Protein chains: 2
Amino acid sequence: MELPLDQILLGDCIDLMRMLPAGSVDCIFADPPYNLQLRGELRRPDDSLVDGVDDDWDKFGDYAEYDRFTRDWLTEARRLMRKDATIWVIGSYHNIFRIGAILQDLGFWILNDVVWRKSNPMPNFRGRRFTNAHETMIWAARSPQSRYRFNYAAMKALNDDVQMRSDWLLPLCTGNERLRNQHGLKLHPTQKPESLLHRVLLASTGVDDVVLDPFTGTGTTAAMSKRLRRRFIGIERHPDYAEAAIGRFQRERPLPMDSVMPSPAKRDAPRVPFGSLVERGLIPVGTRVTDKQGRVSAIVSPDGTLVSGSRRGSIHKLGAELTNAPSCNGWTFWHFERDGALVTLDVVRVESAAAQDAAE
Amino acid sequence: MELPLDQILLGDCIDLMRMLPAGSVDCIFADPPYNLQLRGELRRPDDSLVDGVDDDWDKFGDYAEYDRFTRDWLTEARRLMRKDATIWVIGSYHNIFRIGAILQDLGFWILNDVVWRKSNPMPNFRGRRFTNAHETMIWAARSPQSRYRFNYAAMKALNDDVQMRSDWLLPLCTGNERLRNQHGLKLHPTQKPESLLHRVLLASTGVDDVVLDPFTGTGTTAAMSKRLRRRFIGIERHPDYAEAAIGRFQRERPLPMDSVMPSPAKRDAPRVPFGSLVERGLIPVGTRVTDKQGRVSAIVSPDGTLVSGSRRGSIHKLGAELTNAPSCNGWTFWHFERDGALVTLDVVRVESAAAQDAAE
DNA sequence: GTGGTGACTGAATCTTAAT
DNA sequence: GATTAAGATTCAGTCACCA
């Protein structure tokens with residue numbers, strides 16, 4: 001079977017993976033059934049019913065059956081991976097420990113466990129546990145010898161020039177992004193947010209890499225692969241999900257090539273201290289900066305700190321302090337008026353970097 | 001063997017646990033060895049050397065040894081747990097997946113996986129992975145039937161009155177808290193911060209509960225147990241660590257009793273029958289009660305039931321019936337007019353409880 | 001357009017005491 | 001042990017609707 005690039009295949013992932021040639025994919029993202037074991041209905045304090053995951057595809061007899069299923073699909077997945085390929089598997093405490101142990105048993109080499117912290121998780125309605133506010137992704141190479149791809153600079157740039165950590169704060173997939181049927185009901189109970197796949201693919205794949213998703217669902221991996229100009233192979237067993245994923249994949253448009261290429265200028269650009277922009281007069285001392293809504297404001301000091309009343313700190317620190325946030329990207333948080341429009345500090349940073357490049 | 005309360009035993013934890021009586025502890029915190037001794041060579045969690053040969057069977061054999069060790073100590077731990085006891089196990093991606101799977105296989109019931117997000121993790125020096133900025137704790141009950149302890153109100157209070165989430169941001173153990181030898185070197189490679197154990201014990205134990213730590217190390221669990229007035233049993237194999245833990249335990253002072261008592265939780269308050277409020281005239285017979293919007297109404301009877309047309313029942317039952325809900329908390333559902341304002345029955349209940357307290 | 005209100009929702013292993 | 005009734009319990013966000 002030739003490699004079915006940029007297609008979504010309808011059928012069982014183990015059967016279909018068996019038909020694909022060994023060593024043919026660069027990266028796998030897999031969102032297998034979690035084997036949730038829900039024992040009854042759950043109601044919110046206002047008595048409304050929680051729409052839990054009760055689909056047949058998430059039902060397994062016991063742990064042994066789930067383990068067998070996991071070993072089978074991971075074995076095929078590993079066969080399809082090039083020797084330097086990596087795999088991502090997402091899960092919750094119901095299944096992720098079994099998956100992690102089986103990954104290790106099969107010879108995969110775990111690189112990180114990455115925690116997706118949900119900014120808006122469903123609360124715990126009965127007050128009997130901690131709010132289950134995260135899911136876990138395991139990122140593993142095919143073997144300890146794999147010389148895998150990790151776009152370190154891109155991740156660092158995405159994280160305001162500090163190393164990307166193993167815990168990612170991202171919202172659930174809601175609102176317009178969530179695919180719905182003609183009745184306005186969610187098409188898939190567990191659609192993943194695009195932001196999550198965006199970061200996964202940006203971190204571990206390159207342009208034209210072959211990405212496989214054996215549990216495509218409604219195609220978030222498919223859409224993000226196309227947007228970021230990766231090649232995609234999807235497998236989905238459920239005809240309704242597959243149909244939705246195919247339509248979504250067709251509608252998706254790739255970003256311009258230059259925006260998805262790792263930018264050497266950006267990667268090698270030295271970190272620009274805010275103070276240096278002040279020094280160079282690109283942002284005058286005394287400038288009044290505010291957040292986007294103008295709820296908080298501060299004044300630029302000569303040393304590159306901001307002052308707001310009796311508080312003083314870096315653009316990041318003061319932004320966090322004034323909004324009671326644990327952290328803040330001051331570059332994008334603070335705005336100031338220029339030519340009658342509000343622009344972020346980051347705009348000036350980018351302009352200054354471009355000017356430096358031109359000078360070299 | 002009598003229960004060695006408030007002691008730290010020197011020896012192998014499996015051997016020593018075998019000598020303790022079954023069903024004798026309320027909570028276990030375990031920080032088992034990962035055996036990650038990186039001396040310029042790669043070692044697996046069980047300390048075996050990665051030999052550079054991609055031999056699946058060999059790797060499985062190594063993991064098997066770690067699994068056997070894990071199964072052995074967890075089996076003994078489970079025997080020591082009361083039927084409603086819970087266990088915490090902390091680990092990293094090297095070992096936590098194996099531990100989680102074995103916990104499930106042994107019949108434990110996972111309640112949460114809790115992520116300890118390190119506010120000051122060690123950076124990734126080689127830039128080949130995400131900064132490993134967290135560790136994972138599994139919190140599990142002895143069985144699915146366990147009626148385990150979770151101090152919901154205390155956790156909510158600790159978190160600015162919103163539910164405590166499954167991701168905790170806490171700094172590493174550094175500075176003065178870190179135990180050091182006479183050369184100023186850290187005594188133990190993975191000493192856990194007191195804040196972590198403080199939260200663990202506050203969440204899942206009560207005053208005078210028996211806490212066991214089979215891998216005591218330098219005794220963070222011991223110290224926090226004593227500080228919070230829990231009873232402690234520790235086991236440590238390494239004489240230097242045990243000695244340090246014993247000294248630390250002896251130096252630790254318990255907090256005042258009133259400060260370690262749990263935050264008052266509504267579900268622990270004594271139950272007041274609605275009828276007794278009627279008897280005491282706090283809510284007069286004949287009072288007209290309604291829901292918040294005034295859509296349904298009823299009249300208070302002398303026996304503490306409500307009457308609405310031909311229907312009659314308890315405040316809960318009638319509330320449920322009139323709204324076609326499966327259940328209803330009558331205390332917060334029903335309102336009545338007092339001094340020109342609508343107040344809930346619950347307000348009266350709380351007032352009467354406060355009056356009783358004052359009278360005592 | 002803007003702002004305020006209220007309804008709705010999300011991978012969830014979600015109670016306990018008394019009879 | 002099974003059954004029944006009491007009663008404790010939610011956060012961040014989106015969107016529709018209306019003033």
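Order of the sequence lines fixes the chain letters, A, B, ..., with proteins taken first and strands second; residue numbering starts at 1 for each chain. Keep in mind it's a predicted model, so treat the numbers as computed, not measured.
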Under 4.0 Å from OP1 or OP2 of [N]: is there any side-chain N or O of [X] that close?
{"X": "B:Lys317", "N": "D:dG7", "result": "no"}
{"X": "B:Asn329", "N": "D:dA8", "result": "yes"}
{"X": "A:Thr131", "N": "D:dC11", "result": "no"}
{"X": "B:Arg349", "N": "D:dA6", "result": "no"}
{"X": "A:Arg126", "N": "D:dA8", "result": "no"}
{"X": "B:Tyr152", "N": "D:dT10", "result": "yes"}
{"X": "B:His316", "N": "D:dA6", "result": "no"}
{"X": "A:Lys118", "N": "D:dA12", "result": "no"}
{"X": "A:Asn132", "N": "C:dA11", "result": "no"}
{"X": "B:Arg271", "N": "D:dA8", "result": "no"}

Take the protein atom [atom1] of [X] and the nucleotide atom [atom2] of [N], then report the distance between them rounded to whole Å.
{"X": "A:Asp47", "N": "D:dT9", "atom1": "CG", "atom2": "P", "answer": "15 Å"}
{"X": "B:Met164", "N": "D:dC11", "atom1": "CE", "atom2": "P", "answer": "12 Å"}
{"X": "A:Leu172", "N": "D:dT10", "atom1": "CG", "atom2": "P", "answer": "19 Å"}
{"X": "A:Phe97", "N": "C:dT13", "atom1": "CZ", "atom2": "P", "answer": "12 Å"}
{"X": "B:Leu306", "N": "D:dG7", "atom1": "CG", "atom2": "P", "answer": "13 Å"}
{"X": "A:Leu42", "N": "D:dA8", "atom1": "CG", "atom2": "P", "answer": "18 Å"}
{"X": "A:Phe130", "N": "C:dC14", "atom1": "CZ", "atom2": "P", "answer": "16 Å"}
{"X": "B:Phe274", "N": "D:dG7", "atom1": "CZ", "atom2": "P", "answer": "11 Å"}

(request) Taking only the side-chain heavy atoms of A:Leu38 (C-beta and beyond), determine which of D:dT9, C:dT13, C:dA11 contains the nearest atom. (result)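 That would be C:dT13.
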
(request) Tell me which nucleotide among D:dG7, C:dT13, D:dT10 gets nearest to the side chain of A:Gln37. (result)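 Nearest nucleotide to the side chain: C:dT13.
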
For nucleotides [N] and [M], find the distance between their [atom1] atoms and express it as a whole number of Å.
{"N": "D:dT9", "M": "C:dA12", "atom1": "C1'", "result": "14 Å"}
{"N": "C:dT13", "M": "D:dA6", "atom1": "P", "result": "29 Å"}
{"N": "D:dG7", "M": "C:dA11", "atom1": "P", "result": "34 Å"}
{"N": "D:dT10", "M": "C:dT9", "atom1": "C1'", "result": "12 Å"}
{"N": "C:dT16", "M": "D:dG1", "atom1": "C1'", "result": "15 Å"}

Do we get [X] above [Y]'s six-membered ring, with its NZ or CZ under 6.0 Å from the centre and within 45° of the axis?
{"X": "B:Arg117", "Y": "B:Trp168", "answer": "no"}
{"X": "B:Arg142", "Y": "B:Trp109", "answer": "no"}
{"X": "B:Arg165", "Y": "A:Phe130", "answer": "no"}

Any base atoms under 4.0 Å from [X], or only sugar-phosphate, or nothing? Heavy atoms, all strands.
{"X": "A:Trp57", "value": "base"}
{"X": "A:Pro193", "value": "nothing"}
{"X": "A:Arg129", "value": "base"}
{"X": "A:Asn124", "value": "base"}
{"X": "A:Gly40", "value": "base"}
{"X": "A:Cys173", "value": "nothing"}
{"X": "A:Asn176", "value": "sugar-phosphate"}
{"X": "A:Ser119", "value": "sugar-phosphate"}
{"X": "B:Pro273", "value": "nothing"}
{"X": "A:Arg178", "value": "sugar-phosphate"}
{"X": "B:Lys156", "value": "sugar-phosphate"}
{"X": "A:Asp31", "value": "base"}
{"X": "B:Ile315", "value": "nothing"}
{"X": "A:Ser92", "value": "nothing"}

Is there a Watson-Crick or G-U wobble partner for [N] with both distances under 3.5 Å, and if so, which one is it?
{"N": "C:dT15", "value": "D:dA6"}
{"N": "D:dC17", "value": "C:dG4"}
{"N": "D:dA12", "value": "C:dT9"}

(request) Answer yes or no: is there an ion pair linking B:Asp26 with B:Arg149, defined by an N-O contact shorter than 4.0 Å? (result)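 No, B:Asp26 and B:Arg149 are not salt-bridged.
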
(request) Answer yes when A:Glu194 and A:Arg227 have at least one side-chain N-carboxylate O distance shorter than 4.0 Å, and no when they do not. (result)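 A:Arg227 and A:Glu194: salt-bridged.
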
(request) Using the side chain to side chain contact (heavy atoms under 4.5 Å, CB included) rule, pick out the option among A:Glu41, A:Arg43, A:Met122 that qualifies with A:Val50. (result)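 The passing option is A:Met122.
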
(request) Would you please determine if the base of C:dT13 is stacked by B:Trp109, with stacking meaning a centroid separation under 5.5 angstrom and planes under 30 degrees? (result)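 B:Trp109 vs C:dT13: stacking yes.
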
(request) Tell me which of A:Asn35 and B:Arg267 sits closer to the 5' end of DNA chain C, going by the nucleotide each one is nearest to. (result)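 So the residue in question is A:Asn35.
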
(message) Tell me if the centroids of the rings in A:His94 and A:Tyr34 come within less than 6.0 Å of each other.
(response)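 Aromatic pair excluded; centres sit 6.0 Å or further apart.
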
(message) Using ring centroids (six-membered ring only for Trp), state whether B:Trp139 and B:Trp88 fall under 6.0 Å.
(response)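 Yes, they do, as the ring centres are separated by less than 6.0 Å.
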
(request) Inspect the surroundings of CD in A:Glu321 and state if more than 12 heavy atoms from other residues, nucleotides or ligands are less than 6.0 Å away. (result)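 Count over threshold, so yes.
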
(message) Is C:dT15 syn or anti, taking syn as a glycosidic angle within 90° of 0?
(response)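 Here the answer is anti: the torsion falls beyond 90° from 0.
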
